[in-house]
**Q** 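Can you read through this structure? Questions will come right after.
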Number of protein chains: 2
Amino acid sequence: MALEAAKSQYRQVADLLREGIERQDYAPGSTLPAESELAAEYGVSRVTINRAVQLLRGEGLVRVLRGRGTVVRAIPPIRRNSSRRYARSSREEDGSRGAFDFEIRRLGLKPSTKLAQLGQVAPPETAREVLGLEVGEMVLIRKREMFASDEPVLLATSYFPWGLAEQAGVTDVDTGPGGTYSRLAEIGKGPVRFTEDVRVRTPSAAEERFFALSETQQVYEIVHIAYLEDGTAVEYREDVLPTYQWIMHFEWNAENDSEEAQQ
Amino acid sequence: MALEAAKSQYRQVADLLREGIERQDYAPGSTLPAESELAAEYGVSRVTINRAVQLLRGEGLVRVLRGRGTVVRAIPPIRRNSSRRYARSSREEDGSRGAFDFEIRRLGLKPSTKLAQLGQVAPPETAREVLGLEVGEMVLIRKREMFASDEPVLLATSYFPWGLAEQAGVTDVDTGPGGTYSRLAEIGKGPVRFTEDVRVRTPSAAEERFFALSETQQVYEIVHIAYLEDGTAVEYREDVLPTYQWIMHFEWNAENDSEEAQQ
DNA sequence: TCTTATTTGTTCGTATGTATT
DNA sequence: GAATACATACGAACAAATAAG
């Protein structure tokens, strides 16, 4: 298998493997040949193969399991419609338990959620300010790990003012049909306006483990804030999602000239 | 300089360099010590140093110039307010030539734009479908390279139906105050609704060169579509932006239940 | 549980190539 | 052309995680 010049060898190997995956020579879920075998096949050193595989990892095409091998990823990109996922119809459809459930089911995948933390805590500084709370006031924290057909796809950490959460009855494990926003709406505190800040960064150590990412992969960090009519924030949330797994979709109207710029 | 176990050496070196940059020991715009020097300092091989620097590259903290050295980046993250940047007030403020101008000036940086392509072409398939054109119908393509204080920050490729572009008088190099959307508005074709699809991918070879990226860095690809009241699309645009340089901001209202889901 | 084979992760020394000054 | 600095590649070795027995 002769490699040409012009491009570095590890890049050429990455290109070949990528094509193989796209052509389904290496089917989703299957294991690539061992690095030593690939090295022999392409006539390069194993270090070069390893570097090529790192590239594919960074692109999210494979997941590497030390001691076992390199596996081709199976889950297709998930489309997140930010502008619509909080609409009541999306959240309550089919008895879904909120926006995420709806989103994953729509793709024919099995959504599941693990509640990693639920309780009363002091909020982080940024959340406290956004929620308009005094120093010392407590919040409800809800931290969830979310899966699509058992693949980890989303980490969500929500903060609600404690008093509001109690009043709405969302301090419980199960928030009922339509999720928290439906409970808030029932007490006249349904959010009507949302903002999201999207940035991309390298994962923390904990996120690397949870998503089985390499340090060359990146994650979206989305700060989601829900507002009432009067401008009060009722939820501060941080979502973390691997970039290779998600497409973000937004929609909005052009009539925003009159409102003050929230910078 | 003793490195501990537990974490790999190249990661520890990356951590130390990252701290040095954050602490401004290595100031923005300055050059890091040569890899051979760092290798001597930390008591590791140059290959290990090189690998650490690759990580920093991937995070966008440094830009590497072969033969010259490794330079600390200077431009801070730019915040793109998608929901407001197309408002007339944002585009026409201070005689700006559109949303990008406004955005960069606001940060105290110098915006500049180079028109890379302007003319009549056959549209790519996706653009043709979105714009509702027959096969064979032509479009105006406008490809722009955009800079903040001479750093490349954005590649934008727009497609407009040719007839519309002529009518609005935007086939020219200069589209006048407020940019294209202001000209469209003048003929009663001002867009009132926008969608953006945001995804993250590895850069193409051309994008790598333009932005001086390594292959471990990633870019946002944003597909922006502008609609009229009646649902007709008047612009199909693809923006490409390095992820480390931008934060995306979106805002929207919750009243979208009644509209049909555009999937 | 221990052992062994397999597979990926990391590191080194060394060498050569390429771009810049 | 010479010196400098980063990019790539190899062979070898050992570490760490997993699987099979």
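We name chains A, B, ... by the order of the sequence lines, and we start the count at 1 in each one. Since the structure is predicted, the reported quantities are computational estimates derived from the model, not experimental observations. Side-chain atoms are counted along with the backbone in the values below, which use heavy atoms only and exclude waters and symmetry mates.
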**Q** Please state how far atom NZ in A:Lys7 lies from atom P in C:dT18, giving the value in whole angstrom units.
**A**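 My rounded result for the distance is 17 Å.
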**Q** Are the side chain of A:Glu207 and the backbone of A:Ser204 linked by a donor-acceptor contact shorter than 3.5 Å?
**A** yes
**Q** Is the shortest side-chain N/O distance from A:Tyr10 to OP1 or OP2 of D:dA9 below 4.0 Å?
**A** no
**Q** How long is the line joining CG of A:Leu38 and P of C:dT6, in whole Å?
**A** 17 Å
**Q** Using only atom types and a distance under 3.5 Å, with no angle test, would you say the side chain of A:Gln217 pairs donor to acceptor with the backbone of A:Ser214?
**A**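 Looks like yes, one N/O pair under 3.5 Å.
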**Q** Say whether, by atom type as modelled, one donor and one acceptor occur between the side chain of A:Trp246 and the main chain of A:Val153 under 3.5 angstrom.
**A**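 Yes; judged by distance alone, with no hydrogens or angles, the pair exists.
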**Q** Using a 4.0 Å heavy-atom cut-off across all strands, classify A:Arg46 as base, sugar-phosphate, or nothing.
**A** base
**Q** Between D:dA5 and B:Ser36, is there an OP1 or OP2 to side-chain N/O distance shorter than 4.0 Å?
**A**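 Answer no for this pair, as no side-chain N or O of B:Ser36 is under 4.0 Å from OP1 or OP2.
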**Q** List the steps, then state whether side-chain contact (heavy atoms from CB on, under 4.5 Å) holds for B:Leu61 with B:Val72.
**A** CA-CA 6 Å; B:Leu61 262 51; B:Val72 180; over 6 Å; no
**Q** Looking at B:Gln9, I'd like to know whether one of its side-chain N or O atoms comes within less than 4.0 Å of OP1 or OP2 on C:dG9.
**A** no
**Q** Assuming nearest nucleotide by heavy-atom distance, tell me which of B:Arg51 and A:Glu37 is located more 5' along DNA chain C.
**A**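 The residue whose closest nucleotide sits nearer the 5' end is A:Glu37.
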**Q** Can you tell me the distance, in whole Å, between the CZ atom of B:Arg11 and the P atom of C:dT11?
**A**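 My rounded result for the distance is 10 Å.
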**Q** Using a heavy-atom distance cut-off of less than 4.0 Å, which residues of residues 54-75 of chain A contact DNA chain D?
**A**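 Contacts with DNA chain D under 4.0 Å: A:Arg66, A:Gly67, A:Arg68.
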**Q** Begin with the C-alpha distance, continue with both residues' side-chain angles, and end with the deciding distance and a verdict on ring-ring contact (aromatic ring centres under 6.0 Å, His included) for B:Phe147 and B:Phe210.
**A** CA-CA 11 Å; B:Phe147 306 82; B:Phe210 177 67; 5.7 Å; yes
**Q** Cut-off 3.5 Å, side chains only: do A:Ser82 and A:Glu196 have a donor facing an acceptor?
**A**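 The answer is yes; a qualifying pair exists.
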**Q** D:dA5, D:dC10, C:dG9: which one has an atom nearest the side-chain heavy atoms of B:Ala34?
**A**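 Per side-chain heavy atoms of B:Ala34, the pick is D:dA5.
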**Q** How close or far is atom C1' of D:dC10 from atom CD1 of A:Ile49, stated in whole angstroms?
**A** 13 Å
**Q** Across the strands shown, which category fits B:Val47 at heavy-atom distances under 4.0 angstrom: base, sugar-phosphate, nothing?
**A**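 The residue B:Val47 makes base contact.
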**Q** Below 4.0 angstrom from OP1 or OP2 of D:dT8, is there any side-chain N or O of A:Thr48?
**A** no
**Q** Measuring centre to centre across the rings, with the benzene-like ring taken for any Trp, is A:Phe211 within less than 6.0 Å of A:Tyr244?
**A**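 Here the rings of A:Tyr244 and A:Phe211 have centres that are no less than 6.0 Å from each other.
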**Q** State whether A:Asn50 places a side-chain N or O below 4.0 Å from either non-bridging phosphate oxygen (OP1 or OP2) of C:dT8.
**A** no
